[in-house]
Amino acid sequence: MASITFKNVVKTYDNKVTVIPDLNLEIKDKEFIVLVGPSGCGKSTTLRMIAGLEEVSEGDLLIGDRRVNDVPPKDRDIAMVFQSYALYPHMTVYKNMAFALELRKVPKDEIDRKVREAAAILELEPYLDRKPKALSGGQRQRVALGRAMVRNPAVFLLDEPLSNLDAKLRTEMRSQISALHKRLQTTFVYVTHDQTEAMTMGDRIVVMKDGYIQQVDTPQNLYNYPCNMFVAGFIGSPQMNFVTVRVEKDGDGQVLVFGNSRIAVDKKELISYIGKEVVMGIRPEDIHAETAFLTGKSSIDAHVDLAEMMGSEIYLYLTSNGQKLIARIPSRFDMKAEDHVTLALDTEKIHIFDKDTQKIICH
């Protein structure tokens, strides 16, 4: 059983700086959970507390049913993979993978079996006699994974393991790590600042900011139902558009007004906001050029500041009524910089946030 539980955990450093004010989180056994957020949000500190590399200042940290606040790292049954690989340069791949087992006085035949099994899974068999300097970045990272695998830990901790790799290798390694998790059936805790990694790998994602958890949910739910503007803006690329609008009554429904644009919506949660300003959120892919979407109740006029051809689609950087927007439209639409265009918002996909608290009012 390798669940991980944080109960009112606080982390304060000697200089009285508190980086984790109050952390409560339940990570299930065999789950692949991703901690994501901007630099300084506390995600790596959280991981290092699980590893025992950082002390818990207050509260309880449990691995399984065991409180591990005072348990040394070597006795926690965890393995950690860093972004820097941390391989021994003078040892072969085989020796690097076997080293931790040799320290534990594991029998030689068992070490050989475990190393060769891990090497087969990670496609490292041709490289077992090479030293790290003769390997590519992706191969070195696989050796670091293999070194953790042979120990058969209850928990894998991965601290930005792909950040030193180029874009193509990162994509390959993402799928390899996901496949490894399915094969090993072990708890994985993965830290990254890259929301694409988080969205493609995690069973659940923990979004952090300033030491606080903002939201914990599946990738799809985070994307479709963000709880506040920070999560909405952090998850998704390009990020969600935010437009300050005024809510006005329109028959039985409401309209969102900015400049000359009036976007019709019908959401009972907005009744108490009539006459007030709120923030409308809309994702770039929910702004359309298709005529089927173009109605007077959803269309906006905009000036194209920049058009980026991305292959199958175009990113349009727009100004509408003084507000900046990004749209993702199919490349069959011939739109370019300096064009004046009429686009439509998919009103079913609009998110409304409170302007003061930045919390969601309605989706």
Side-chain angles (χ1 to χ4, degrees), residues 1-73 75-78 80 154-160 187-195 197-199 201-219 221-223 225-235 279 353-361:
M1 180 71 175
S3 61
I4 300 167
T5 307
F6 289 87
K7 292 183 179 177
N8 304 114
V9 167
V10 178
K11 175 59 186 174
T12 303
Y13 287 105
D14 295 337
N15 57 4
K16 303 294 186 278
V17 173
T18 299
V19 291
I20 305 287
D22 185 18
L23 182 65
N24 289 281
L25 177 64
E26 179 82 38
I27 300 171
K28 299 168 191 164
D29 182 36
K30 300 179 184 175
E31 186 172 29
F32 194 132
I33 199 153
V34 181
L35 307 179
V36 70
S39 296
C41 71
K43 56 188 186 296
S44 287
T45 302
T46 301
L47 195 79
R48 290 170 66 82
M49 285 194 288
I50 300 172
L53 303 176
E54 297 280 4
E55 290 183 359
V56 174
S57 304
E58 293 176 36
D60 297 312
L61 172 59
L62 288 80
I63 297 179
D65 298 323
R66 181 171 66 145
R67 185 178 184 271
V68 295
N69 289 42
D70 303 314
V71 175
D75 298 326
R76 293 193 180 197
D77 198 14
I78 53 98
M80 194 157 180
V155 180
F156 268 84
L157 306 177
L158 300 101
D159 191 5
E160 304 210 22
T187 307
F188 274 47
V189 186
Y190 189 104
V191 160
T192 182
H193 62 272
D194 184 331
Q195 55 96 13
E197 280 179 24
M199 292 291 286
M201 298 173 77
D203 297 327
R204 286 192 303 154
I205 300 173
V206 180
V207 183
M208 298 184 72
K209 179 190 178 192
D210 300 332
Y212 289 99
I213 291 175
Q214 302 293 304
Q215 190 170 354
V216 184
D217 215 327
T218 63
N221 282 346
L222 277 182
Y223 193 79
Y225 307 108
C227 70
N228 59 32
M229 285 177 64
F230 175 80
V231 174
F234 194 84
I235 300 294
V279 176
F353 302 92
D354 187 287
K355 190 179 176 184
D356 297 322
T357 66
Q358 301 197 346
K359 291 181 178 177
I360 192 74
I361 298 169

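Residues V189 and I27 meet the side-chain proximity criterion, which asks for heavy atoms closer than 4.5 Å. Side-chain contact between I235 and Q215 is absent, with no heavy atoms from C-beta onward closer than 4.5 Å. Counting heavy atoms from C-beta outward, Y13 and T45 have side chains that approach closer than 4.5 Å. You'll find the side chain of V207 reaches within 4.5 Å of the side chain of F230, heavy atoms only. Here the side chains of M199 and I205 are in contact, with some heavy-atom distance below 4.5 Å. Taking 4.5 Å as the limit, every side-chain heavy atom of P226 sits out of range of all side-chain heavy atoms of F234. Taking the side chain as every heavy atom from C-beta outward, V36 and D194 never approach each other to under 4.5 Å. Side-chain contact between E197 and Y190 is present, with at least one heavy-atom pair separated by less than 4.5 Å.
Evaluation of the ring pair (Phe, Tyr, Trp, His ring centres under 6.0 Å) rule for Y223 yields no partner, not counting sequence neighbours.
What you find for T192 and V34 is that their closest heavy atoms are CG2-CG1, 3.7 Å. Annotation for M208 and C41: closest pair O-CB, 3.6 Å, computed over non-hydrogen atoms. In plain terms, the two heavy atoms of V191 and S44 that are nearest each other are CG1-OG, 3.7 Å. Across all non-hydrogen atoms, the minimal contact from E26 to R204 is O-NH2, 2.7 Å. Between G202 and P219 the shortest heavy-atom distance is O-CG, 3.4 Å. When every heavy atom of D159 is checked against every heavy atom of M80, the shortest pair comes out as CB-CE, 4.1 Å.
Between the CZ atom of R66 and the CG atom of L61 there is a distance of 10.5 Å, given to the nearest 0.5 Å. A distance of 6.5 Å separates CG of L35 from CD1 of I50, quoted to the nearest 0.5 Å. The distance from the CG atom of N228 to the NZ atom of K209 is 7.5 Å, given to the nearest 0.5 Å. Summarising the geometry, atom CG belonging to D29 is positioned 6.5 Å from atom OG belonging to S3; distances are rounded to the nearest 0.5 Å. Atom CG of L222 sits about 5.5 Å away from atom CG of D217, to the nearest 0.5 Å. Residue L157 holds its CG atom at 12.0 Å from CE of M49, rounded to the nearest 0.5 Å.
Looking at T187, its side chain does come within 3.5 Å of a backbone N or O of K30 through a donor-acceptor pair. Formation of a donor-acceptor pair under 3.5 Å by the N69 side chain with backbone atoms of G59 is found in this model. Side-chain atoms of K43 come within 3.5 Å of backbone N or O of G37 as a donor-acceptor pair. With hydrogens and angles disregarded, no donor-acceptor distance shorter than 3.5 Å links the side chain of D203 to the backbone of I33. Within the 3.5 Å criterion, the main-chain N or O of V71 finds a donor-acceptor partner in the side chain of R76.
Within 6.0 Å of CD on E55 lie no more than 12 heavy atoms contributed by other residues, nucleotides or ligands.
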Side chain to side chain contact (heavy atoms under 4.5 Å, CB included), that's the test. Do V155 and I4 meet it? Break it down for me.
CA-CA 9 Å; V155 180; I4 300 167; 3.8 Å; yes
Exercise answer: donor-acceptor pairs, residues 18-25 side-chain atoms, under 3.5 Å, sequence neighbours excluded:
from, atom 1, to, atom 2, distance (Å)
T18, OG1, T12, OG1, 2.9
D22, OD1, N8, ND2, 3.4
D22, OD1, N24, ND2, 3.4
N24, OD1, N8, N, 2.8

